[in-house]
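Below: the structure, in structure tokens.
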2 protein chains.
Amino acid sequence: MELTNKQQEVLMYIRKMIRDGLPPTIREIASEFGFSSTGTVRDYLTALCKKGYILLEEKKSRAIELTEKAMLTIPILGCVPAGVPVLAIENVEDYFNVDKLFAQKDELFFLRVEGDSMIDAGIMPDDLVLVKKQPCAQDRDIVVCRVDGEVTVKILRSRENKFFLEPANKNYSIISLNERSQIIGKVITAIRKYV
Amino acid sequence: MELTNKQQEVLMYIRKMIRDGLPPTIREIASEFGFSSTGTVRDYLTALCKKGYILLEEKKSRAIELTEKAMLTIPILGCVPAGVPVLAIENVEDYFNVDKLFAQKDELFFLRVEGDSMIDAGIMPDDLVLVKKQPCAQDRDIVVCRVDGEVTVKILRSRENKFFLEPANKNYSIISLNERSQIIGKVITAIRKYV
DNA sequence: TGACATCCCACACAAATGTGTGGTATTATT
DNA sequence: AATAATACCACACATTTGTGTGGGATGTCA
């Protein structure tokens with residue numbers, strides 16, 4: 001079911017308020033759009049609810065929850081045709097769920113990457129890699145490993161029950177894993193911040 | 001100023017509620033901890049406020065905001081010497097403030113990168129770039145631009161008052177910005193998720 | 001000893017807030 | 001022509017909610 005223009009405006013406002021920290025009250029929505037009646041807002045909320053964009057909890061103030069469809073996340077856009085407002089809801093390909101990515105059930109840490117040994121895999125010096133602590137990994141996983149006292153980020157390869165660390169840079173050579181080597185964790189995300 | 005154990009528990013609960021979508025009301029906090037008086041909760045809130053962990057807005061329901069101090073952070077490690085536990089506090093170089101990165105008030109969106117024209121800058125196909133919407137940018141900024149109906153990610157270059165879009169891949173050529181071109185925003189972060 | 005913070009309580013009050021019932025007008029669909 | 005959805009309005013009511021005022025017990029620090 002499609003949203004009308006007005007309904008989309010109301011949804012956008014609710015999303016903005018939620019991202020700023022607090023879902024709005026019914027009267028705050030009314031005031032934003034110049035409605036003089038709370039009933040008007042309720043019409044919008046029930047419409048958005050029926051169309052599956054929000055969830056409402058009864059008798060609780062500000063209890064407006066965005067569904068997956070319009071979630072409290074940052075929109076991911078695919079290609080955007082010319083002349084269309086960039087942030088229109090129709091362009092949204094998916095939503096980036098921050099909480100899911102950074103849910104702290106596992107032991108996570110960031111490691112700042114030194115050197116260019118993973119540059120062909122798009123991991124540059126000074127990038128941050130989000131590492132999930134685990135003692136083992138699978139073939140082709142990007143892992144953080146301690147070898148002879150040094151910590152490196154490499155691609156884990158297994159051939160004939162032997163493990164190797166493969167760099168993503170032709171100027172570096174493959175390292176064999178020995179008994180003193182230890183897998184610290186697996187890289188699950190790479191992040192680079194531009195100033 | 002340090003938090004007491006009880007104050008920490010209350011702060012944790014508030015953080016959990018905020019991440020779940022709604023900051024709690026005073027009476028919800030009271031009920032969670034078995035307090036029979038709202039005054040008790042107010043004592044905690046004013047204490048947390050005075051110690052700089054939360055901000056309170058008067059006369060608004062659920063208006064509890066976390067300060068930077070109280071936000072979720074993941075440790076960033078630099079190089080880790082041999083024999084030392086990886087997550088020891090001494091190794092922490094900085095903290096990555098998740099809430100801060102994604103709680104910006106500016107208009108942000110992610111764009112999924114198509115093609116390999118930025119591969120030498122470490123931006124690979126299917127990476128997500130976090131874009132801050134803005135109509136102009138500076139020399140060497142990585143920008144999202146609309147040129148002749150297509151949206152591309154490129155490096156913005158300015159020479160002698162003319163603007164160009166420079167790819168980070170020798171197989172592509174430089175594009176001149178014309179009147180029908182439009183800068184949509186500036187790339188502030190690149191993210192790649194590994195499965 | 002006094003001052004202060006912490007950690008609890010009771011109770012009252014006004015404002016904020018969600019809800020309920022009723023209405024009108026327009027437009028699109030059947 | 002009838003039905004439904006949309007887009008507004010007014011007003012009343014009960015509950016939720018923040019706030020205010022008062023209190024007590026304990027511990028710490030100067």
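Owing to the predicted nature of the structure, the values given are computational and were not obtained by experimental measurement. Lettering follows sequence order; numbering is per chain, from 1.
Between A/Ser61 and B/Gly34, it is B/Gly34 whose nearest contact on DNA chain C lies nearer the 5' terminus. The 5' end of DNA chain C is approached more closely, in terms of each residue's nearest nucleotide, by B/Arg27 than by the other of A/Ser37 and B/Arg27. Looking at which nucleotide of DNA chain D each of A/Gly39 and A/Lys60 is closest to, the 5′-most match is held by A/Gly39.
The distance between atom CD of A/Glu58 and atom C1' of C/dG18, rounded to the nearest whole Å, is 10 Å. We find that CZ of B/Phe35 is positioned 18 Å from P of D/dT17, with the value rounded to whole Å. Atom CE in A/Met17 sits roughly 14 Å away from atom P in C/dT17 (whole-Å rounding). Between the CG atom of B/Asp43 and the P atom of D/dT26 there is a distance of 17 Å, rounded to whole Å. Rounded to an integer number of Å, the gap from A/Ile26 CD1 to D/dT15 P is 17 Å. Atom pair A/Leu45:CG and D/dA5:P shows a separation of 18 Å (rounding to whole Å applied). Rounded to whole angstrom, the span from the CZ atom of A/Phe33 across to the P atom of D/dC9 amounts to 13 Å. Put simply, CD on B/Glu32 is 17 Å from C1' on C/dC8, counting in whole angstrom units.
Taking a cutoff of 4.0 Å between a charged side-chain nitrogen and a carboxylate oxygen, B/Glu32 and B/Arg27 do not qualify as a salt bridge. The residues A/Lys6 and A/Glu9 are annotated as not salt-bridged, no charged nitrogen and carboxylate oxygen being separated by less than 4.0 angstrom.
Contact annotation: A/Gln7 side-chain N/O to D/dA7 OP1/OP2 distance is under 4.0 Å. Considering only side-chain N and O atoms, B/Lys59 lies nowhere under 4.0 angstrom from the phosphate OP1 or OP2 of D/dT16. For D/dC8, the OP1/OP2 oxygens have a side-chain nitrogen or oxygen of A/Lys6 closer than 4.0 Å. In this structure, B/Tyr44 reaches the C/dC8 phosphate: one of its side-chain N or O atoms is under 4.0 Å from OP1 or OP2.
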Just do the ring-ring contact (aromatic ring centres under 6.0 Å, His included) check on B/Phe33 and B/Tyr44 with the steps written out, would you?
CA-CA 12 Å; B/Phe33 291 94; B/Tyr44 278 102; 7.4 Å; no
Determine, step by step, whether B/Lys51 and B/Gln7 satisfy the side chain to side chain donor-acceptor pair (under 3.5 Å) criterion, reporting the C-alpha distance in whole Å, the side-chain angles of both residues, the deciding distance to 0.1 Å, and the verdict.
CA-CA 10 Å; B/Lys51 292 183 176 181; B/Gln7 288 170 355; 2.9 Å; yes
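Heavy atoms of B/Thr38 sit under 4.0 angstrom from at least one base atom. Counting non-hydrogen atoms under 4.0 angstrom, A/Arg42 reaches a base of the nucleic acid. Nucleic acid contact for B/Thr40: base, since at least one base atom lies under 4.0 Å from a heavy atom of the residue.
The side chain of A/Ser36 lies closest to D/dA10 when the candidates are D/dT17, D/dA10, C/dA5.
Linking Ile, Leu, Val, Met, Phe, Trp and Tyr residues whenever their side-chain heavy atoms come within less than 4.5 Å leaves A/Ile14 and A/Leu22 in two separate clusters.
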